[in-house]
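Just so we're on the same page: letters track the sequence lines, and every chain starts at 1.
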Amino acid sequence: MSDKRASGRTGTDFIRQIVTAHMGEGRYEGVVTRFPPEPNGYLHIGHAKSLCLNFGIAQEFGGRCHLRFDDTNPETEELEYVEAIQGDIRWLGFDWGDHLYFASDYFERMYECAVVLVRKGLAYVDSSTEDEIREARGTVTEPGRPTRYRDRSVEENLDLFRRMRAGEFADGAHVLRGRIDLASPNMLMRDPVFYRIRHAHHYRQGDAWCIYPLYDYAHCLEDAFEGVTHSLCTLEFDNNREIYDWILDNVGFEEPRTHQYEFNRLNLEYTVVSKRKLRPLVESGYLAGWDDPRMATLAGLRRRGVPPEAIRLFADMVGVAKTESWVDPGKLEFATRDVLNRSAPRVMAVLDPLKLMITNLDEDAVEDLEAPYWPEDIPREGSRTVPFCRELLVERADFAEDPPKGFRRLVPGGEVRLRHAYVVRCDEVVKDPEGRVLELRCTYDPATRGGTSGGRRGIGTIHWVSARHALQAEVRLYDRLFSIPDPEELPDGGDLTDNLNPESLVVMRDARVEPSVAADAADTRYQFERTGYFWRDPVDGAGDALVFDRIVTMKDTWGRRLVAEPGSFSLRGGTAELKMETHPPVVTATGTGGDDVSPEARGAAQGARPQPSRERAGKRRADPELAVRMQRYVDELGLSSEDADVLTGTRAFSDFFEAALAEHAEAAVVASWMVNDLRGVMQGRAVEDLPFGGAELGRLAGLVGAGTVSRRAAKDVLAEMAEKGGDPVAVVARLGLEKLDDASALDAVVREVLAAWPEKVADFRAGKENLLGLFVGEVMKATRGTADPKAARARLLERLRAGS
RNA sequence: UGGCCCGUCGUCUAAUGGCAGGACACCGGUCUUUGGAACCGGCGGUGGUGGUUCGAAUCCACCCGGGCCAACCA
């Protein structure tokens with residue numbers, strides 16, 4: 001395994017930063033991630049993000065990514081899904097090599113781990129009913145209570161657990177629970193169930209087992225067994241991390257072991273991925289299946305023709321963070337167009353044909369025109385011939401008798417260029433008795449062969465096919481399945497179908513495609529010029545029938561304009577987009593979820609005084625001495641009540657403060673160090689676990705007060721003390737952080753800094769004065785924080801002003 | 001309501017005490033044999049109030065808002 005990072009994209013998201021840090025410090029030999037699907041459904045776009053993250057990190061860091069089926073629930077899992085999932089992952093472009101695993105293969109080892117916990121008294125067999133257990137677990141505000149089985153002996157637990165495995169009991173008769181903490185504020189720690197009895201047939205294990213482990217127990221062990229280093233999951237598993245660590249630590253896995261990190265899952269607007277919610281749509285036949293091209297499943301996207309590269313690009317664009325995100329599907333569309341623009345040959349197809357007769361051409365004349373597959377800005381070679389003759393078909397939407405302003409297509413008496421062919425003029429419009437346009441009679445200008453303009457300016461271009469030569473085809477125009485950004489936001493008493501976009505599928509049954517496509521591979525992705533990207537439907541278009549799916553529309557600046565001009569129409573634009581304009585999406589039905597705060601609430605927030613925290617107030621009630629101290633800090637020491645509140649949050653913190661005060665009597669200064677700085681370096685530790693005491697902090701404050709150390713450098717000293725302990729005087733000496741008092745030395749640094757940033761200096765002199773912070777920062781950096789920032793600032797200003 | 005997580009342009013995401021940047025979307029322009037692509041420009045943001053600091057999106061406190069957790073699902 002190489003420790004060199006693979007070349008290519010190196011993201012800077014927080015997970016990659018953690019991995020980078022771990023690799024830098026040599027914590028693991030190599031990065032091992034995993035993608036752990038449960039084989040009970042199809043993968044969707046959200047899984048794609050996780051796949052890109054896990055496999056991407058493995059690739060970038062020269063590690064590996066396991067594919068592990070998390071098949072611990074025999075009642076929902078099937079072989080069909082494990083095969084489909086593997087196909088989807090390969091299609092997306094990822095390879096797990098030899099590292100294919102199944103959680104069910106670990107059942108024996110998991111059982112042994114459970115025995116270890118039972119022997120340690122950390123797990124017990126509970127024979128309560130499911131309802132009893134739930135009821136005894138308490139609520140988020142009330143602690144749980146033990147059931148009467150919690151204190152069974154180790155021997156009895158061992159015996160019962162063995163017999164559970166042996167099949168002596170019925171489903172639900174007993175469970176194995178962790179013996180952790182029934183009062184934990186984290187509900188998952190209230191003696192979670194590790195094993196349950198299910199006499200069910202497992203698709204891989206058959207009837208070998210009748211006890212099955214639950215997620216929280218199984219997942220961390222699976223990771224640990226495989227030597228996973230970074231176990232990435234979505235935000236909602238945040239609460240599960242505590243149990244993840246508890247089990248691994250208590251089973252005996254030592255550092256460096258796997259750890260769990262949570263990132264934000266992908267939410268796509270206008271789509272739903274919930275299996276449960278989508279199932280009725282599939283079963284009712286509204287959707288053609290789990291691979292319906294309108295679905296956000298990988299199977300659906302694949303059938304639709306979205307290239308896997310586009311999905312990977314999309315995942316990159318979306319990024320990874322910890323904020324709950326709702327992504328506009330326009331981003332996926334952009335990624336799709338971006339890939340297809342470079343890779344899809346252009347051909348012509350007419351979706352809604354209108355006859356166009358070239359009256360100055362002989363009936364049997366046929367001219368083969370050469371038409372390049374690529375526009376000039378795509379550096380690819382290749383062309384096909386398209387037959388040009390008397391009777392043509394053009395797009396009905398490309399003709400208007402009464403054109404909207406700015407219309408650049410065919411109008412009575414007007415001219416238009418036929419792509420790759422000739423300029424034609426519309427001489428006559430033939431209609432049926434109802435007034436419907438039947439045919440356009442035009443004359444062409446032979447001097448404009450190949451589409452040259454013949455001196456005309458500002459002329460439009462439309463696509464066409466030869467009526468005689470074109471191939472008949474069915475074209476399916478797909479649009480977003482739902483009409484509102486969050487389809488799961490239901491109207492009162494409504495269901496998902498209320499939010500369906502009625503025009504998510506429009507079928508053009510009598511479309512015509514230029515004849516050249518007959519010779520192409522069936523999986524060719526095309527751009528039908530001016531209408532969008534298409535390919536043959538891999539299911540219904542697999543045989544002789546030409547059935548095309550629209551992968552994505554063209555970006556449509558004209559159609560966008562038309563929205564503002566009622567009565568107009570567009571040939572490309574999605575209907576949902578039009579809808580969005582006419583019916584602004586209702587974000588919440590109740591009106592409670594928006595980001596607007598009522599004026600009253602805002603006013604109240606502004607006027608609110610800082611409140612002592614509930615937790616600290618509670619501590620002071622329990623310990624009257626703390627309350628006395630808080631009062632004294634305010635009355636005698638003159639501290640703000642906020643600072644006094646924080647300082648008296650625990651006895652230890654308050655003691656620490658008093659010890660510091662004994663060394664340095666300026667209460668406000670010491671309090672500030674405690675409240676604002678010390679808490680920052682504690683990193684979740686309790687104050688009594690710090691490797692230094694109050695006296696040291698007091699001395700540090702004294703050093704700053706005496707001018708021995710700048711406040712800035714003192715923060716670095718504090719950080720060093722928090723990490724390694726030590727007396728501040730010694731740390732200052734060791735690190736060489738005494739304050740820089742030499743004015744000429746400071747001036748030298750100031751000159752160096754200004755010389756190093758000539759453009760910024762110019763910008764500053766041109767008026768961008770907030771650049772001063774940059775310069776001060778550079779001086780502080782150059783002096784490792786030992787300069788006096790005020791002096792540096794003054795000197796910088798002097799030189800900056802002098803030079804203007 | 002107890003605990004945990006999270007608040008940066010409309011959306012997604014950078015900035016790890018020192019220049020608030022990028023992408024999508026939107027608007028305008030150039031170019032164009034696709035109303036595409038490309039190129040140029042514009043719009044637009046640190047939830048609030050205090051505090052610490054020479055300097056705060058970043059550290060501290062409080063408030064507000066959003067999410068997750070009380071399956072023998074994952």
Side-chain angles (χ1 to χ4, degrees), chain A residues 12-13 17 38 40 70 72-73 76 130 133-134 137-142 144 171-172 175 184-188 190 193 195-198 212 214-215 219 235-240 242 262 264 269 317-319 321-328 330-331 334 337 341 346 375-378 406 408 417 419-420 450-453 459-463 527 529-530 554-559 561 572 593 595 597 601-602 604-613 640 642-643 645-646 672 675-677 679-680 711-712 760 763 768 770-778 780-781 788-790 792-793:
Chain A
T12 54
D13 58 77
Q17 285 178 31
E38 183 187 15
N40 70 345
D70 202 4
T72 57
N73 185 350
T76 58
E130 193 171 341
I133 290 176
R134 182 174 31 246
R137 183 135 43 215
T139 68
V140 290
T141 51
E142 303 158 34
D171 288 4
V175 291
S184 173
N186 181 352
M187 299 295 296
L188 291 171
R190 319 245 268 224
V193 174
Y195 273 93
R196 55 180 177 158
I197 301 172
R198 276 292 174 285
Y212 290 93
L214 265 13
Y215 173 85
H219 202 92
L235 254 23
E236 67 270 23
F237 288 94
D238 184 3
N239 294 316
N240 302 62
E242 195 176 358
E262 310 87 26
N264 58 350
E269 289 183 328
M317 289 171 67
V318 161
K322 293 197 81 162
T323 58
E324 190 75 20
S325 64
W326 281 90
V327 177
D328 184 332
K331 230 167 196 154
F334 171 86
R337 287 188 197 107
N341 177 48
R346 274 62 168 174
E376 283 202 344
D377 54 343
I378 304 291
R408 298 215 321 247
R417 173 166 40 222
R419 178 75 164 156
H420 302 303
T452 54
S453 69
I459 189 172
T461 301
I462 66 173
H463 57 278
Q527 182 191 106
E529 289 207 51
R530 302 207 308 131
M554 303 292 276
K555 183 174 164 192
D556 184 8
T557 48
W558 170 246
R561 267 181 58 192
R572 309 165 178 175
D595 55 356
V597 175
R602 204 183 296 269
Q606 274 173 0
R609 300 271 12 114
Q611 298 295 311
S613 88
S640 68
E642 291 98 309
D643 283 357
D645 171 38
V646 172
S672 170
V675 171
N676 295 303
D677 299 292
R679 291 167 71 78
R711 203 189 141 96
R712 168 59 183 270
K760 297 297 181 185
D763 288 350
K768 200 174 173 196
N770 64 346
L771 247 20
L772 185 58
L774 170 68
F775 299 132
V776 175
E778 288 302 309
M780 296 305 287
K781 212 180 290 173
D788 172 8
K790 277 187 210 160
R793 186 188 189 89

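Within the structure, a side-chain polar atom (N or O) of A:Thr323 is placed less than 4.0 Å from OP1 or OP2 of B:U13. Between A:Asn240 and B:A74, a side-chain N or O to OP1/OP2 separation shorter than 4.0 Å is absent. The phosphate of B:A37 (OP1 or OP2) has no side-chain N or O of A:Arg346 nearer than 4.0 angstrom.
Comparing the same atom, P, in B:C62 and in B:C69 gives a spacing of 26 Å after rounding to whole Å. Spacing of P atoms, B:G21 relative to B:A70, comes out at 43 Å, to the nearest Å. Separating the C1' atom of B:G50 from that of B:C64 is a span of 14 Å, rounded to the nearest Å. Comparing the P positions of B:A20 and B:A15 gives an interatomic distance of 16 Å, to the nearest angstrom.
Closest to the side chain of A:Glu529, out of B:C72, B:C69, B:U34, is B:U34. For A:Leu771, counting side-chain heavy atoms from C-beta on, the closest listed nucleotide (B:A74, B:G36, B:C19) is B:C19. Nearest nucleotide to the A:Lys331 side chain, out of B:G35, B:A71, B:C24: B:C24. Listed nucleotides B:C54, B:C19, B:G50 differ in distance to A:Lys768; the shortest reach to its side chain belongs to B:C19. Proximity note for A:Phe237 (side chain, C-beta onward) versus B:A14, B:G36, B:A74: the nearest is B:A74. With B:U34, B:C5, B:U13 as the candidates, the nucleotide lying closest to the side chain of A:Ser325 is B:U13.
For a distance-only test at 3.5 Å, the side chain of A:Arg711 fails to qualify as a donor-acceptor partner of the base of B:U53. For B:C19, its base sits under 3.5 Å from the side chain of A:Lys760 at one donor and acceptor pair at least. For B:U11, the base has no donor-acceptor partner in the side chain of A:Glu269 [N/O atoms by modelled type, under 3.5 angstrom].
Here the C1' atom of nucleotide B:C54 and the CZ atom of A:Arg712 are 11 Å apart, to the nearest Å. The interatomic distance linking A:Asn770 (CG) with B:A56 (P) rounds to 12 Å, in whole Å. As rounded to whole Å, 7 Å separates atom C1' of B:A74 from atom CG of A:Asp70. Distance A:Trp326 CH2 to B:G7 C1': 17 Å, rounded to the nearest Å. Counting to the nearest Å, the C1' atom of B:C31 and the CG atom of A:Asp377 are 11 Å from each other. In this structure, the CG atom of A:Leu774 is 13 Å from the C1' atom of B:A20, given to the nearest Å. Counting to the nearest Å, the P atom of B:G55 and the CZ atom of A:Arg793 are 7 Å from each other. Taking atom CD on A:Glu778 and atom P on B:G17, their separation rounds to 14 Å, with Å as the unit.
Positionally, the nearest nucleotide of RNA chain B for A:Gly319 lies more toward the 5' end than for the other of A:His420 and A:Gly319. Comparing A:Phe334 and A:Lys322 along RNA chain B, the residue whose closest nucleotide (by nearest heavy atom) sits nearer the 5' end is A:Lys322.
With its glycosidic angle more than 90° from 0, B:A23 adopts the anti conformation.
For A:His420, there are no ring pair (Phe, Tyr, Trp, His ring centres under 6.0 Å) partners, not counting sequence neighbours. Applying the ring pair (Phe, Tyr, Trp, His ring centres under 6.0 Å) criterion to A:Tyr195, with sequence neighbours excluded, gives A:Phe161, A:Tyr217. In terms of the ring pair (Phe, Tyr, Trp, His ring centres under 6.0 Å) criterion, residue partners of A:Phe237 (sequence neighbours excluded) are, by chain and number, A:Tyr215. Scanning for salt bridge (Lys or Arg N to Asp or Glu O under 4.0 Å) contacts around A:Lys322 gives A:Glu262, with sequence neighbours left out.
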Dump the pairs, protein N or O against N or O of nucleotides 1-3 of chain B, anything under 3.5 Å, distances to one decimal.
unit_1	atom_1	unit_2	atom_2	d
B:G2	N9	A:Val140	O	3.4
B:G2	N2	A:Pro185	O	3.3
B:G2	N3	A:Val140	O	3.3
B:G3	N2	A:Asn239	OD1	3.3
B:G3	N2	A:Asn239	ND2	3.4

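Note on A:Asp763: nothing from the nucleic acid sits closer than 4.0 angstrom, heavy atoms only. Within the nucleic acid shown, A:Thr72 comes within 4.0 Å of sugar-phosphate atoms alone, with no base atom in reach, counting heavy atoms only. Across all strands, A:Val193 comes closer than 4.0 Å only to sugar-phosphate atoms, never to a base (heavy-atom distances). If you check every strand for non-hydrogen atoms under 4.0 Å, A:Leu235 touches nothing. Residue A:Arg198 is classed as a base contact, given a heavy-atom separation below 4.0 Å to a base. Base contact: A:Arg408 has a heavy atom under 4.0 Å from a base atom. No engagement by A:Tyr195 is indicated, since no non-hydrogen atom pair under 4.0 Å with the nucleic acid exists. Residue contacts for A:Glu130: at a heavy-atom cut-off of 4.0 Å it reaches a base atom on one of the strands shown. Residue contacts shown for A:Thr139 include a base, since a base heavy atom lies under 4.0 Å away. In this structure, A:Gln527 reaches the bases: a heavy-atom distance under 4.0 Å links it to at least one base atom across the strands shown. Heavy atoms of A:Val175 sit under 4.0 angstrom from at least one base atom.
Contact detail for A:Arg679 and A:Val675: the closest heavy-atom pair is CD-O, 3.2 Å. Annotation for A:His463 and A:Arg419: closest pair CA-CB, 4.4 Å, computed over non-hydrogen atoms.
Taken from CG in A:Asn341 to CG in A:Asp377, the straight-line distance is 7.0 Å, to the nearest 0.5 Å. Here the CG-CZ distance, from A:Asp556 to A:Arg530, works out to 10.0 Å after rounding to the nearest 0.5 Å. A:Arg137 CZ to A:Leu188 CG: the interatomic distance, rounded to the nearest 0.5 Å, is 8.5 Å.
Using a 5.5 Å limit on the distance between ring centres and a 30° limit on the angle between planes, the aromatic ring of A:Tyr215 does not count as stacked on the six-membered base ring of B:A74.
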Start with the C-alpha distance between A:Asp677 and A:Arg711, add both sets of side-chain angles, then the distance that settles side chain to side chain contact (heavy atoms under 4.5 Å, CB included), and finish with yes or no.
CA-CA 11 Å; A:Asp677 299 292; A:Arg711 203 189 141 96; 2.5 Å; yes
Apply side chain to side chain contact (heavy atoms under 4.5 Å, CB included) to residues A:Ile133 and A:Val175 and explain how you reach the verdict.
CA-CA 10 Å; A:Ile133 290 176; A:Val175 291; 3.8 Å; yes
Should A:Met317 and A:Phe334 be marked as a side chain to side chain contact (heavy atoms under 4.5 Å, CB included) after you check the CA-CA gap, both sets of side-chain angles, and the distance that decides it?
CA-CA 10 Å; A:Met317 289 171 67; A:Phe334 171 86; 3.7 Å; yes
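Side chains of A:Thr141 and A:Thr139: a donor on one and an acceptor on the other come within 3.5 Å.
In RNA chain B, stems built from 3 or more consecutive Watson-Crick or G-U wobble pairs, each with both distances under 3.5 Å, span B:2-7 with B:64-69, B:10-13 with B:21-24, B:26-30 with B:38-42, B:47-51 with B:59-63.
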